[in-house]
Amino acid sequence: MKYIGKEMSRVDGVAKVTGRAKYAVEYKVNDPAYGYIVQSTVAKGRISKIDTSKAEKLPGVLKILTHQNALKVEEETRQFRALQSDTVLFCGQPIALVVADTFEQARYAANLVEIEYAKEQPSTDFSDTERVQSRGPAPRGKPAEELAGSPVKIEAEYSIPIEHHNPMEPHGATAFWEGDKLTVFDKSQGVYGVRGHLSRSFGIPEGNVNVISLFVGGAFGSSLNVNYYPFLAALAAREVKRPVKLSLTRRQMFTGHGYRPYTTQKVSIGAESTGKFRSIIHEGATNTSTYEDFTESTTRFGRTLYECPNYDSPYYLLKTDLPTPTWMRAPGAVSGAFALESAIDELSYELKIDPVELRLINYADKDPETGRPFSSKALKECFTAGAKKFGWEKRKFAPRSMRDGDLLVGWGTAVGTWGAFQAPATAKIRVRNDGSALVGSGTTDIGPGTYTVCTIIAAESLGIDPKKIEFVLGDTELPRAPSQGGSITTASVGSAVYGAAGEIRRKLVDLVARKEGTALFGASFEDTELVDGNLRLKSDASRSMRVVDVLKEGGVEFVEVEYQSRPSAERQKYTTMAHGAQFVEVKVDESLGIIKVTRVVEATACGRIINPLTSHSQEMGGVVWGIGMALQEATEIDHRYGKMMTTNLADYHVPVAADVFSVETDFVEEKDEIVNELGIKGMGELCLVGIPAAIANAVYHATGKRVRDLPVTPDKLL
Amino acid sequence: MHERKIWRRTQESNSNPTNWDTAIPFIPFITVLTIDPENLALRNPALISSRKHPPIRPKNEMPEISLNVNGKKMSVDADPSTPLLWVLREKLGLTGPKYSCGIAVCGACMVHVDGKTVPSCNTPVSEVMDGEITTIEGLSENGDHPVQKAWIEEQVPQCGYCQSGQIMRAAELLANKPNPNRQEIFDHMKRVLCRCATYYRIVKAIEKAAKDGE
Ligand code: FES
Ligand code: FES
C-alpha cells in the first residue's frame, strides 16, 4: 500500500488554521436577517396567552412566528417539532421565533414577547419516576438461579448524570429560498436526513431542497437527529423573503438537540473462586421524554464481550418532562462499560485476582451470544501491548499502596468495545484527462478527518497522487451516503470510494482492451491494476499505459462512475467488533480531593488504520472525553421547575489543556478480511468507551474509595 | 451527469457560472472553501431584489465606528455596545473568530487588540476603536505564521472550530515568552476550550513553534 496506513496531512488543515473553513452560519448570503428563539420558562402546561405586539414595534423586527401563525407540518414523527401547538413539553422549548435585521435586535425583541402559561407540575426527578420496561434480548441461560448459586458475588449500583455534547460550534443554519427551491447550510451529521425532513415539512419535492454541511464544528451525536431549528430557519426565510441565519446560543443548545440520558444501573456478578464468571445480571434505566422513547443498548455492553453462560440485561425507560435524549459519543456503550467494568474491578478485589487477569480468564474467543466467530479480535494483544507500555506488572495489588510524595497513586484498567458496522453508501468518481480526479459522496466530516481518509483511499485505489485528488462531501447534490455517526463512515464511504475506483478501472480497461496496437490490447479487467497514474497488467507490469493516454486513446475527456457499496453477505456469518484495553494512572491529593489523570495508555484493535495521524487525534480526543465524563461533566436539574441549571460553559465543565497530561494511543494491527474489503472497523466511539471506568477504577486503587456516581468530583473523596 | 452545484463550486467564480461538464481544471482543495459558497446569493439576482425591508432605523442614526482591523482602516455602522465579535463576523465578514460560549470562558472568539488576546464576544466595539485589531485572517498573509506552520506540522485541528482562538492565544504566548515551559503553556492555553480535545497536539505544536523560533 502506497498511501493507506501512511501518515498524511489533513487536506482541510490549511483552511482550519487560517480561519477560512466556513461553518453553517458563516456563508456570505445577501442581506441576511437573523432569528432568535424564545423559549418556554415552564416545563409543562399550555401557553395561555402570547402577545408579540410590543416586540413587533421595535426597530428592525421583521416577523415573529409563534404556534398561532407558523406553518403546521404533517410530518409523521414523534420527534419534537417547533411552534406546532400550545402544549409545553419541556422547559426551554422554543415557543416563538423573532426575525430581525440584526441579531441584537432579534434578541432584544425576544425579551419583549409576553407569554402566560397554564402551568402544571413537571416530573423530572429520576428516583420517583415510573419505570417502563423496554424490549431487549432474552436472557442467556438461567441468570438468577446461577447467580444465587455462585460462590463469589458482588452487586453494586451506579449512576451517570445527564451530559451534554457541547461541541464548540453552536447549532445553526442559514436558509434561503429561490422560488420554491430551498437551500440550507446546516450544522449536520447527515444532510440527507435534514433534506427529507424539510421536503416533508414544506411539502416540496426532495429535489427542491439542497442541504449543505461542508464543515461541522464538532457534533458528537448532537446533529445526528434532525433538530428543530433548520425548519425554523427555512420557515423564517420564506416569511421574510430574505436569507435567514439562525444560531442557537450556548444556553439554548442544552435543550436544543438532546443529551446523554441520565443512567442508573445495577450490576450483579456471580463467579467461581477461580474467577470464572457464572452469571451476570446487568440492569439499567435511562430517562427519556414524555413524547418520544429514546433507548440505548446500555445494559447489553458485556453480552458479546465476556464468556459467561448466564446473562441478563433488563432495561427500562424513565419518562420525564425533559426534552428527548439523543446519541452522544459512544452512546450506551460508555455508560454500560462504566457500570460493568467498574463491577468487574470490584470483583477482582473480592477474588484477589489482578483485574487484567480476571478479564483474560473470561475472555470470549467466539461471540458468546450467537456462537459465531469474531471476524477478528485482538483484544488479548491489546492487553499485552498496553500492559507492557504502561508497566502494569509493577502495580501493587492493594488499594492505597502506591504513592508519589504526598499524592496517592492509582492504576486502573478497563475494556472498551464497539461494533464494526457498515452501511450502504454511494460515491462518485470522475477521472479527468489531466490525470486528476474528483471524488464525492454525500456524507459529512464533523472533525475526524473524513475528507482526508477518503482522499487517501481514492489515491490508493486509483493510483493517483493525493495532491491530484479532490474529495467533496456534505451536500445533498452528491450521491447518498449515511450520516456520520456510530463510527461507520470510513468503513461505509471508504468502501464506496474503493468500489467506485474499481469501476473506473473497468471503464478504462474497456477503452483500450479491444484496441489493437495498444500495450493493453486483450487485457482482462481482473488482471489489471492502477498504480502511479498507470493502468497496467498485474501479471506483466511492463504492459502499462498512462491513464491519461488511455483516455486519449478512448477519445474521451474523462471517465465517471457512481457506485454503491453494501455490507457483504459474508459478514453475516461473523460477529464484527472492535476492541481496546485502557490503562490509567491517577494521582490524588487526598486533602483536597483533587484527581489528576497523569497517564493514559490506550491500546486499540480496530482493523486497518487508514491515516495514523487523524486516527491518533480521534483516540486522544476520546480519552479526553473519558476524563471529562469521569471527573467533570454533569448537567444539573432543578426538579422543582424541571429546569436544566448548568447551561453554560462556566457551569458545565469540560476538560481544558491543563487537564491532559500523558496520553499514549497505540493501534494493534488487525487484518480483517471479513468486515469489508479494506478491513476498516471504525474507532471514533471506541476510544472513549472504557476510559471513565478505568479512571474510576484507578481512583479506587489510589484511595480505597469506590465512587459509583459520576462524575468523581473532589467532594465525593472527602 | 447532472449538474452538481458543489462540484461546480470547485472551479467557477460566482460571476461566471460554467457548466460542470465542460473543461474542468484541477483546483486544489482550499479553493472549494473560498470561492463560491461565500457568494451564493450574489449568483442569483432574484435574491438581491427580494429585499422588502430596508433597515427600520435610518442609517444616519447608527453611529459610524471606525476600526483598525488587520492593518486596514474600516468603518461600520453599529451600535457602540455591539460586541466586537458580531461586528467582525457579521459586518466585516471576518468569520475566523468564532462564537461559542458568549460569556468569555471558551476563547473561541479570541482576537488580538494591540497584541493582547481579548474575548471579542464580550468586548463592546466602542472599547477597541483606538486599538489595532488582528483576527486569524490577519495573523499572516499566507497562513505561514510560525504558529500556523507548527499547527499544520503537528496536525492539530480536528473539527477546526476552536482553532482560530487557540492559534491567536498561542501566538500571544510566544510573542511574550519565546520559550515557555509546559506549565506556562497549560496556564496560558487553558482559557481556550477544544471539545475535540486537540490539547495534546496544541502543546506539542507550541513547543515546536518555540523551537523553530530559536
Ligand atoms: S465566545 Fe467568546 S469566549 Fe467563548
Ligand atoms: S478542533 Fe474541534 S473544538 Fe477544537
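- With a threshold of 4.5 angstrom between heavy atoms, A:Ile446 approaches chain B through N, CA, C or O but not through any side-chain atom.
- Comparing B:Met189, B:Lys98, B:Arg182 by how many heavy-atom pairs each has under 4.5 Å with chain A, the most go to B:Lys98.
- Heavy atoms closer than 4.5 Å to chain B are found in the backbone of A:His165, but not in its side chain.
- Between A:Tyr451 and A:Phe215, the two ring planes are tilted [angle within 30° to 60°].
- For A:Glu104, the part lying near chain B is the side chain, with the backbone staying farther off; criterion is any non-hydrogen pair under 4.5 Å.
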Indicate every side-chain donor-acceptor pair of residues 654-661 of chain A with a distance under 3.5 Å to a residue at least two apart or in another chain.
residue	atom	partner	partner atom	Å
A:Asp659	OD2	A:Gln632	NE2	3.1
A:Asp659	OD2	A:Val656	N	2.9

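- Contacts between residues 166-174 of chain B and chain A, defined by a heavy-atom separation under 4.5 Å, are made by B:Ile167.
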Show me, pair by pair, the donor-acceptor contacts under 3.5 angstrom made by side chains of residues 621-628 of chain A, not counting sequence neighbours?
residue	atom	partner	partner atom	Å
A:Trp625	NE1	B:Arg195	O	2.9

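- Side-chain contact check for B:Thr135 and B:Glu137: at least one donor-acceptor pair (N or O, by modelled atom type) lies under 3.5 Å.
- Using a 3.5 Å distance cut-off with no hydrogens or angles, the side chains of A:Ser436 and A:Glu470 do not pair a donor with an acceptor.
- Counting only N and O atoms by type, the side chains of A:Arg250 and A:Asn166 include a donor and acceptor under 3.5 Å apart.
- Neither the backbone nor the side chain of A:Glu7 has a heavy atom closer than 4.5 Å to any heavy atom of chain B.
- Interatomic distance, CD of B:Gln158 versus SG of B:Cys196, reported as 5.0 Å (0.5 Å rounding).
- A donor and an acceptor atom, one from each side chain of A:Tyr34 and B:Glu90, are located under 3.5 Å apart.
- Contact annotation for B:Tyr161: both backbone and side-chain heavy atoms come within less than 4.5 Å of a heavy atom of chain A.
- In the model, A:Thr665 has a side-chain atom that pairs as donor or acceptor with a side-chain atom of A:His616 under 3.5 Å.
- Between chain A and the options B:Gln155, B:Gln163, B:Arg191, the largest number of non-hydrogen pairs under 4.5 Å is found for B:Gln155.
- Ranked by non-hydrogen atom pairs under 4.5 Å with chain A, the options B:Ala104, B:Cys159, B:Gly96 are led by B:Cys159.
- Contacts with chain A were tallied for B:Cys162, B:Cys194, B:Cys101; B:Cys101 has the most, counting heavy-atom pairs under 4.5 Å.
- A:Val14 is listed as a side-chain neighbour of B:Ile152, based on a closest heavy-atom distance under 4.5 Å.
- Most heavy-atom pairs under 4.5 Å with chain A, from the set B:Ile136, B:Val105, B:Ile103: that is B:Ile136.
- Donor-acceptor pairing under 3.5 Å is lacking for the side chains of A:Glu169 and B:Ser100.
- Taking the six-membered ring where the residue is Trp, A:His164 and A:Tyr652 present perpendicular rings, their angle passing 60° and hence far from 30°.
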Apply ring-ring contact (aromatic ring centres under 6.0 Å, His included) to residues B:Tyr99 and A:Tyr23 and explain how you reach the verdict. CA-CA 11 Å; B:Tyr99 165 81; A:Tyr23 300 83; over 10 Å; no

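- Chain A is approached within less than 4.5 Å, heavy atom to heavy atom, by no residue from residues 121-128 of chain B.
- Seen from the ring of A:Phe558, A:Arg432 does not count as a face-on cation partner, given the 6.0 Å and 45° thresholds.
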